[in-house]
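Lettering follows sequence order; numbering is per chain, from 1.
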Amino acid sequence: MNLSAEKYEIIALKEKYQEILEEMQLNGNAEVISFETEKSEKDEDLQLDEKKSEVELKLAEMKFARSFLSRFSEKEPFFKTLIDSFFPEKEKHTLKELENLAFSETIDEVVDKCQKLETGLNGTSSKMDSLKKEIKELKKFSGISVNGFGKLRNFNIFIGSISKEKKEELLATLKKESIFFFIKWGGEEDCERTGFYMVYPKEEEKLVETVKEIGAKEETAFWNRPPSDLLKEKRVKMEQLKKKKEKFLKKARELTTNIPKLEALIDWYGWELDKCKTFEEGEKTKSYFYLKSWILEGKVDELEKRLKKITPYILVRKLELEDGERPPVEMENKDLMKSFEVVTGVYGSPKSDEPDPTPFLAPFFAVAFGLALSDAGYGLLLIAISYVFGKKLKDSKAFFNLFVIAGIFTVLAGLLTGTFFGTDLFAGLRIVDAVDDPIEVLYLVSVLGLIQIFIGLLIGMFWNLKQGKTKVALGSKGGSIVFFLGIAVFAFTRQFPVLIVATGLMMLLNIVFSEQEAIMRRLLSGFGSLYDLIGYFSDVLSYSRLLALGLATGIIAMTINMIAGIFMEMIPVAGLNVAVAGLILVFGHVANLLINALSSFIHSARLQFVEFFSKFMEGGGRKFKPFSKQGRFVEIINVNK
Amino acid sequence: MELGLILAILGAGLAVTLPSIGSAIALSHVGQSAAGLISEEPEKFGKALLLQVLPGTQGIYGFLAAVLVLQQVGLFGEETVTVSTSAGWQILLACIPIIFAGIFSAIFQGKVSVSGISTLAKKPEEAGKAIILSAMVETYAVIALLLTILILNGITV
């Protein structure tokens, strides 16, 4: 059912705004309309600003703590993360539990600890980084036991580093050029470059050039004690920092148990901020505040009653819609029908004056899905998988229920075509053979298409009559309906003139009930209706995809069985051949089911959106966005106190 | 080997190869843009993967047509059927729809899927619509496959 919203104004005592907005959020049947007028400075409310900043600060703190801690939470298995990304489950809390959490000191302590830990971790990491650089430099000169270098009267000192491979080349070249030099090497085994200092006579400055040409880089003696001693100290310090960092990490990991609480509070403060913003946006006088909102039809009395319990000084009054204004809509279906909202949801909401297509599409979608998958074994597997997931993931139960229903229709279609995991196990029950006689299935899916389009036209006619568009209902829709009835009579009688009469009647109805006044234009709209027939023809042909998809599933299933059979014969080791063939069967069939279930869903949905919806609705309605306590992470249970 | 069988195998080979090339091109394009999205929002991996696999179906359709051809010429069975030259040509021509519609629809479907990735990035709640838009392109591969199947069904070897 399609619930349209009505426009209301709410005027209430300003001092009660907190309680009123809280009640509206809990009730969740109203959508607040924001005022587009700019607020003047005199509207500033210091108290509200203070409250808003406080809530924003809290929200930012919770978000910071969550994002900080989530860096340290244990990685979940890939499969679970994948499932969560499709079907997120919300934590269930009562309002009281959330309130207790929001006002508990422990969560403030957690945030405080997170802030300290972040500062500590950042500080330690940056100290470790700079220490690492110092160690890297010192390692080059490890083994050199001088404290520093002073000045000599007749000699100069060159301090540098060179890559290990060039060490021998450097020594050999120096020995060739001079005999008056002294060189001392440093550097640990794992260093890429090794450090050295060279003492040479002042008049032999060219030695420095030689050394540089070979690839030595000049370095500065930054140490004031032997590098080996310094290195030892720095390494001890590094160990201490590592331990310190590990301690911080351990503490952070311990705190990750608070992530669910933080997430709950992110939602909580989000709702608080919503209330502040709603109040801020509303018009205010000295003692009253004024809101405009959409309230779902039939839900206003209950809301008003609940608001009046807070204060009798409240007015809830219905407003007229402005020209061209379209209220938002909400689809409301119960039990199994709720599952089919998943399909409608992909298309989007209908307009407020259009029907909810969910109950109409449900049987056709299920049948189309079944025919597109059409394998009894796959149907059973789909039912089993969807049932187990539906039990486990309660928030997505409607989605999985849809696939349980679709699975049942797949079993039926599988029995119809006599396929079970691509085998002929139920060939005895087979009514049509899709592989050997595809034309028969083509007829079957075309009949399904004809019926669905006919029903679509009937819904369209009924709805047009309801909207007062009698001419469209009787002319365009009525004409097409007569033509479809003609096809049905033709199918049974095989009398070609029936089709001609039906076409004539269709044109006549289009001429008689045309919206045009001029006779020529009326005639034109009559002939124009022939063009609709081409549309219907292509609509019906579009259902042939069900045959192709059904064949695709069946033949690939058969191929998987065949490949498994080939491996069974090929591998000579008994036992191993069964295992390999078994693996091929399991993985092959599960993969085939997943790929084809996706295709079946998409193509069956498309048949509803393109071929069916176009007969009675345009869509494009705006979905009702309630002012409510719907969270990203939590769901409030037992809302009604 | 007689010409008829050669032509039939050529048809089966092309039916797998060209649509698979199309699918591979499309999947690589969607994959590249999806990888960009995943680097920012790894939690959208599942839906991005869904958009990526969509243009992969054409490769499977091609494979399906090839299996039907091989079955018809008896390459799966114990004995090979003698395929006349005329039947071989007929089989090769029957593969034409899925060969061409397969490769091109896959590439173009990939383009729509790439745009779908940006929908997923900006409005993840509308990802379902992006998936449907991408699947619209596939319609023509489905029609082509259907025609290939119907023609193959009508050929007597």
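Heavy atoms of B:Q71 lying under 4.5 Å from chain A belong exclusively to its side chain. Contacts of A:S544 with chain B are made by both backbone and side-chain atoms, with heavy-atom separations under 4.5 Å. Heavy atoms closer than 4.5 Å to chain B are found in both the backbone and the side chain of A:I602. Interface remark: B:L54 contributes side-chain atoms only to the contact with chain A (heavy atom separation under 4.5 Å). Looking at B:T139, the atoms closer than 4.5 Å to chain A (heavy atoms on both sides) sit in the backbone and in the side chain alike. Both the backbone and the side chain of A:L551 come within contact range of chain B, each with at least one heavy atom under 4.5 Å from a heavy atom of that chain. When heavy atoms are compared at a cutoff of 4.5 Å, A:Y347 approaches chain B solely by way of its backbone atoms N, CA, C and O.
Each of A:F403, A:F613, A:F601 was compared with A:F365 under the ring pair (Phe, Tyr, Trp, His ring centres under 6.0 Å) criterion, and only A:F601 meets it. Screening A:R622, A:K623, A:K625 against A:E330 for a salt bridge (Lys or Arg N to Asp or Glu O under 4.0 Å) leaves a single residue, A:K623. The only option from B:V69, B:L68, B:I151 that meets the side chain to side chain contact (heavy atoms under 4.5 Å, CB included) definition with B:C95 turns out to be B:V69.
Annotation: A:H603 is not in aromatic contact with A:F369 [ring centroid separation under 6.0 Å not met].
Chosen from A:T81, A:V610, A:L598, the residue pairing most often with chain B at heavy-atom distances under 4.5 Å is A:L598. Per-residue counts of heavy-atom pairs under 4.5 Å with chain A were compared for B:E126, B:K44, B:M136; the largest is that of B:M136. With chain A as the partner, the residue from B:V67, B:I143, B:L145 showing the most heavy-atom pairs under 4.5 Å is B:V67. If you tally non-hydrogen atom pairs under 4.5 Å between each of B:V142, B:T57, B:V53 and chain A, the highest count goes to B:V142.
Looking only at side-chain heavy atoms (C-beta outward), B:I155 and B:Q72 come within less than 4.5 Å of each other. A:L82 is listed as a side-chain neighbour of B:F45, based on a closest heavy-atom distance under 4.5 Å.
Formation of a donor-acceptor pair under 3.5 Å by the B:Q109 side chain with backbone atoms of B:S134 is found in this model.
Note that CG of A:L371 is 10.5 Å distant from CG of A:L549, once rounded to the nearest 0.5 Å.
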